[in-house]
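Chain naming here is simple, since letters A, B, ... match the order of the sequence lines and numbering starts at 1 in each.
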Protein chains: 2
Amino acid sequence: MPTPHYGQPRYRTIADELKERIERGVIPPGTLLPAESTLTAEFRVARGTIRQAIAALREAGFVTTEHGRGTYARLLRNEAGPNKQSEPKARLRQVAADPELASLFDVEVGTMLIEQERVTRANGAVEKVVRTYRLLRASQGEFDCSSSTSPPPSGP
Amino acid sequence: MPTPHYGQPRYRTIADELKERIERGVIPPGTLLPAESTLTAEFRVARGTIRQAIAALREAGFVTTEHGRGTYARLLRNEAGPNKQSEPKARLRQVAADPELASLFDVEVGTMLIEQERVTRANGAVEKVVRTYRLLRASQGEFDCSSSTSPPPSGP
DNA sequence: AGAAATTTGTCCGTATGTATC
DNA sequence: AGATACATACGGACAAATTTC
């Protein structure tokens, strides 16, 4: 019985079913979905079909997947919620020059540069990230910056 | 808009586009091309078409592909001696998301992003480097997982 | 610390049905 | 009618990250 795709494709039916389970709490947010092999057995479809269903859920933002781990149900953010996110839209910091930047600026790799980062959003989702790099020409050509290794990110 | 293959078949133009990216360094030699599924999304064509395009590149020697691994860009550069042409003012390429970009875009670390780099100069010296990152998700905005590409099913 | 089992990622080949030029 | 392309689905195999023993 291969591929009678009249009404709804099977992967979409499966995606909807899984979405239901997440929304109903059958698969609570933060927990793992059944493995692809399990779902394959449960719905009696090929693995590719399961993966297609999960891909649809991932695109829609219902789940996130990690290699070797599994697929997690994600907590749905309420968009009407109060924007308690104090995420700055622009930030300034010092970073070490990667080889390419070093080459462009004609400095040694690791030289500290000023990085300005701007984030633009569309509908709450990040649309674009712009990073601007400049030399920190601090009044003289060279100075020893062997100490402070600017602590990069620290993202949870 | 399916199948307007006037001048060239789709897989040919896609193969040419990928070839361009390899030659321009958007896909640096030795690195993996995006997965078939990714290319499928990016060019919005069927998988078979992508496979046809890659097969053409493989036959032409631009890429090699390994089962279960992916397709690698290969280098066969023997352009004329004189360095590179004048430096491009803006270059486009794919890069893996670092932890911070991944967090911002809400994708997995390592997800390929499009990076556009612009260099501005003052008196010949590089003054500023601007890197802009975007998702390479084809230009489809948000959609819920029950509609992919609008073929409204009509009852038979 | 190391080996095995799980699980996801990717590619391969094939197949059917639909649609358009 | 034939070539091109699309969408869907199957099954198998290898690769790589993670977890478990």
Side-chain angles (χ1 to χ4, degrees), chain A residues 1-16 18 27 31-59 63-73, chain B residues 1-15 17-18 27 31-59 63-73 96-97 99 102 107-112 138 140 145-156:
Chain A
M1 311 62 186
T3 328
H5 67 288
Y6 297 113
Q8 240 194 352
R10 312 188 66 175
Y11 77 89
R12 210 182 316 270
T13 309
I14 294 172
D16 288 343
L18 292 175
I27 302 176
T31 67
L32 281 172
L33 268 69
E36 293 175 355
S37 56
T38 307
L39 294 173
T40 291
E42 189 186 329
F43 291 100
R44 304 243 193 68
V45 295
R47 189 184 162 211
T49 306
I50 294 295
R51 286 181 61 75
Q52 228 175 327
I54 289 180
L57 292 174
R58 190 166 40 235
E59 282 278 330
V63 300
T64 57
T65 299
E66 288 175 39
H67 192 169
R69 263 234 195 70
T71 298
Y72 292 91
Chain B
M1 301 53 185
T3 327
H5 69 286
Y6 297 111
Q8 273 194 113
R10 293 283 270 141
Y11 75 89
R12 251 278 150 248
T13 58
I14 291 174
E17 166 64 23
L18 291 175
I27 303 175
T31 67
L32 280 172
L33 269 68
E36 291 177 354
S37 56
T38 305
L39 294 173
T40 291
E42 192 184 332
F43 290 101
R44 301 205 272 303
V45 296
R47 183 187 160 218
T49 307
I50 293 297
R51 285 179 60 73
Q52 242 177 311
I54 289 181
L57 291 175
R58 188 165 41 234
E59 194 169 342
V63 300
T64 57
T65 154
E66 289 177 36
H67 193 161
R69 266 285 261 315
T71 298
Y72 291 91
V107 299
E108 294 172 43
V109 173
T111 301
M112 297 308 282
Q140 32 206 341
C145 65
S146 36
S147 67
S148 61
T149 26
S150 73
S154 45

Please list, by residue number, the residues of residues 44-53 of chain A whose heavy atoms come closer than 4.0 Å to an atom of DNA chain D; answer none if no residue qualifies. A:Val45, A:Ala46, A:Arg47, A:Thr49
Close side-chain approach of A:Ile27 to A:Pro34, heavy-atom, < 4.5 Å: yes
Can you tell me how far CG of B:Leu57 sits from OG1 of B:Thr71, rounded to the nearest 0.5 angstrom? 9.0 Å
Rounded to the nearest 0.5 angstrom, the CG-CD1 distance for B:Leu39 and B:Ile14 is 8.0 Å
Applying side-chain hydrogen bond (donor to acceptor under 3.5 Å, both in side chains), name anything that partners B:Tyr72, two or more places apart in sequence or on another chain. B:Arg69
With respect to the phosphate group of D:dT4, does any side-chain polar atom (N or O) of B:Tyr11 fall under 4.0 Å of OP1 or OP2? no
Please round to the nearest 0.5 Å and tell me the distance separating atom CG of A:Leu18 and atom OG1 of A:Thr13. 11.0 Å
When the distance from CG of B:Leu32 to C1' of C:dT10 is rounded to whole Å, what number comes out? 10 Å
Any side-chain N or O of A:Thr38 less than 4.0 Å from the OP1 or OP2 oxygen of C:dT6? no
Identify all pairs in which a protein N or O lies below 3.5 Å from an N or O of nucleotides 1-3 of chain C, and state each distance.
none

Gap separating the OG1 atom of B:Thr65 from the CZ atom of B:Arg58, nearest 0.5 angstrom: 5.0 Å
If you pin B:Arg69 and A:Tyr72 to their nearest nucleotides in DNA chain D, which one's is more 5'? B:Arg69
Supply the atom-to-atom distance A:Ile54 CD1 to A:Arg51 CZ, rounded to the nearest 0.5 angstrom. 7.5 Å
Side-chain contact, heavy-atom cut-off 4.5 Å: A:Phe43 with A:Arg10? no
